[in-house]
Amino acid sequence: MALTDLALQVIELDQKIRLVHELDEHVLKCVRQVTTLSSHPYGCRVIQRVLEHCSDELQIQSIVDEILESASVLAQDQYGNYVTQHVLEMRKPHARSQIIKKLRGKIVQMSQHKYASNVVEKCLEYGDPTEQELLIEEIIGQSEENDNLLMKDQFANYVVQKILEISNDKQREILLNRVRVNLIALKKYTYGKHIVSRFELLSGEGA
């Protein structure tokens, strides 16, 4: 796996395509092991390269379907989160909506997870307006105490920053108001300071 991945990284595009075509006969064998491969330091890279360069749409769909089945587990995996992010970056509406569906109901928990928080950020970035609204509502629609916790969290603070970046005016104002209330407390925390900086930039209320 390591040699295959290395080869796909360094060779020219036409050579990559040719190599992946030669590997096509092995792809279907991989499909049954997608979750295992996606959780492997080299396997996750091979899965991503195959998704990029395999010409058989049916095979690609089979691999994506396997990833979607385990999206919640992979999102929390050290290597699997990269594969999940890659699927989101493919901009396939069905795949994106399925990943978001798997994560909904535990977005706050996922936002505080070292690896899953990256997937939540990608969901916010690539989601359509309706999906973005649902995700943001799940976070800011809960208790203000919860917001304060997320703003201070070493991983979730980046999710909050992403929300401030992509939210509509109404959602952004709600969140800015909650930051304003907790401003003094946030300044005492390393990761809270990131939110304070973003707040001062967006609100123009810097000291």
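Everything numeric in this text was worked out from a predicted model, so none of it was measured. If you read the sequence from its start, that first residue is 1, and numbering goes on from there.
You'll find the side chain of Val64 reaches within 4.5 Å of the side chain of Leu51, heavy atoms only. Using a 4.5 Å cut-off on side-chain heavy atoms (C-beta onward), Ile140 and Arg178 make contact. Using a 4.5 Å cut-off on side-chain heavy atoms (C-beta onward), Arg104 and Leu134 make contact. Side-chain atoms of Val34 and Val83, non-hydrogen and from C-beta on, never get closer than 4.5 Å to each other. Within the 4.5 Å cutoff, side-chain heavy atoms of Glu131 are placed close to those of Arg96. With contacts defined as side-chain heavy-atom distances shorter than 4.5 Å, the pair Met151/Leu186 qualifies. Taking 4.5 Å as the limit, every side-chain heavy atom of Val159 sits out of range of all side-chain heavy atoms of Leu150. Inter-residue side-chain proximity for Gln161 and Ile195 is flagged as met; some heavy-atom pair is nearer than 4.5 Å.
Looking at Ser70 and Thr35, their side chains do bring a donor and an acceptor atom within 3.5 Å of each other. Counted by atom type alone, Gln132 and Asp128 present zero donor-acceptor pairs between their side chains at under 3.5 Å.
The minimum heavy-atom distance between Ser72 and Leu103, with the atom names listed, is CA-CD2, 4.1 Å. Glu69 approaches Lys102 most closely through the heavy-atom pair O-NZ, 3.4 Å. The minimum heavy-atom distance between Met90 and Ile60, with the atom names listed, is CE-CG2, 4.1 Å. The nearest pair of heavy atoms linking Cys123 to Ile100 is SG-CG1, 3.8 Å. Minimum heavy-atom separation, Ser38 to Cys44: O-CB, 3.3 Å.
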**Study point:** Criterion side chain to side chain contact (heavy atoms under 4.5 Å, CB included) on Val120 and Leu135, from CA distance to verdict
**Key:** CA-CA 9 Å; Val120 174; Leu135 291 170; 5.9 Å; no

Practice item. Just do the side chain to side chain contact (heavy atoms under 4.5 Å, CB included) check on Asp153 and Ser111 with the steps written out, would you? Key: CA-CA 9 Å; Asp153 186 81; Ser111 296; over 6 Å; no

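In this structure, Gln171 contributes its side chain and Asn168 its backbone to a donor-acceptor pair below 3.5 Å. The closest donor-acceptor contact from the side chain of Gln48 to the backbone of His86 lies at 3.5 Å or more, if one exists at all.
Taking CD from Gln61 and NZ from Lys92, the interatomic distance works out to 6.0 Å, rounded to the nearest 0.5 Å. For the atom pair CG of Asn182 and CG of Asn177, the computed distance is 11.0 Å after rounding to the nearest 0.5 Å. To the nearest 0.5 Å, atom CD of residue Glu66 and atom CD1 of residue Ile47 are 10.0 Å apart. Note: Asn118 CG to Thr84 OG1 = 10.5 Å, rounded to the nearest 0.5 Å. Considering CD1 of Ile107 and CD of Gln112, their distance stands at 12.0 Å, rounded to 0.5 Å. Remark: Ser167 OG to Arg172 CZ distance equals 4.0 Å, nearest 0.5 Å.
Tyr82 is linked by a ring pair (Phe, Tyr, Trp, His ring centres under 6.0 Å) to nothing, counting only residues two or more places apart in sequence or in another chain. In terms of the salt bridge (charged side-chain N to carboxylate O under 4.0 Å, His left out) criterion, Glu173 has no residue partners (sequence neighbours excluded). With sequence neighbours left out, the side-chain contact (heavy atoms from CB on, under 4.5 Å) criterion links Ser39 to Leu74, Asp77.
Within the structure, salt bridge (Lys or Arg N to Asp or Glu O under 4.0 Å) pairs that include any residue of residues 109-122 comprise Glu89-Lys122 (at least two apart or interchain). Note on residues 105-139: pairs passing ring-ring contact (aromatic ring centres under 6.0 Å, His included), not counting sequence neighbours, are His113-Tyr115. The ring-ring contact (aromatic ring centres under 6.0 Å, His included) contacts involving residues 172-198 comprise Tyr158-His194, Tyr191-His194, where partners must be two or more places apart or lie in separate chains.
Hydrophobic clustering of Ile, Leu, Val, Met, Phe, Trp and Tyr side chains at less than 4.5 Å, counting indirect connections, keeps Val73 apart from Val119. If you chain together hydrophobic residues whose side chains sit under 4.5 Å apart, Val160 and Leu176 fall into the same group. Under the 4.5 Å side-chain heavy-atom criterion for Ile, Leu, Val, Met, Phe, Trp and Tyr, Phe155 and Tyr79 are members of distinct hydrophobic clusters.
The 12-atom threshold is not exceeded at CD of Glu133, counting heavy atoms of other residues, nucleotides or ligands nearer than 6.0 Å.
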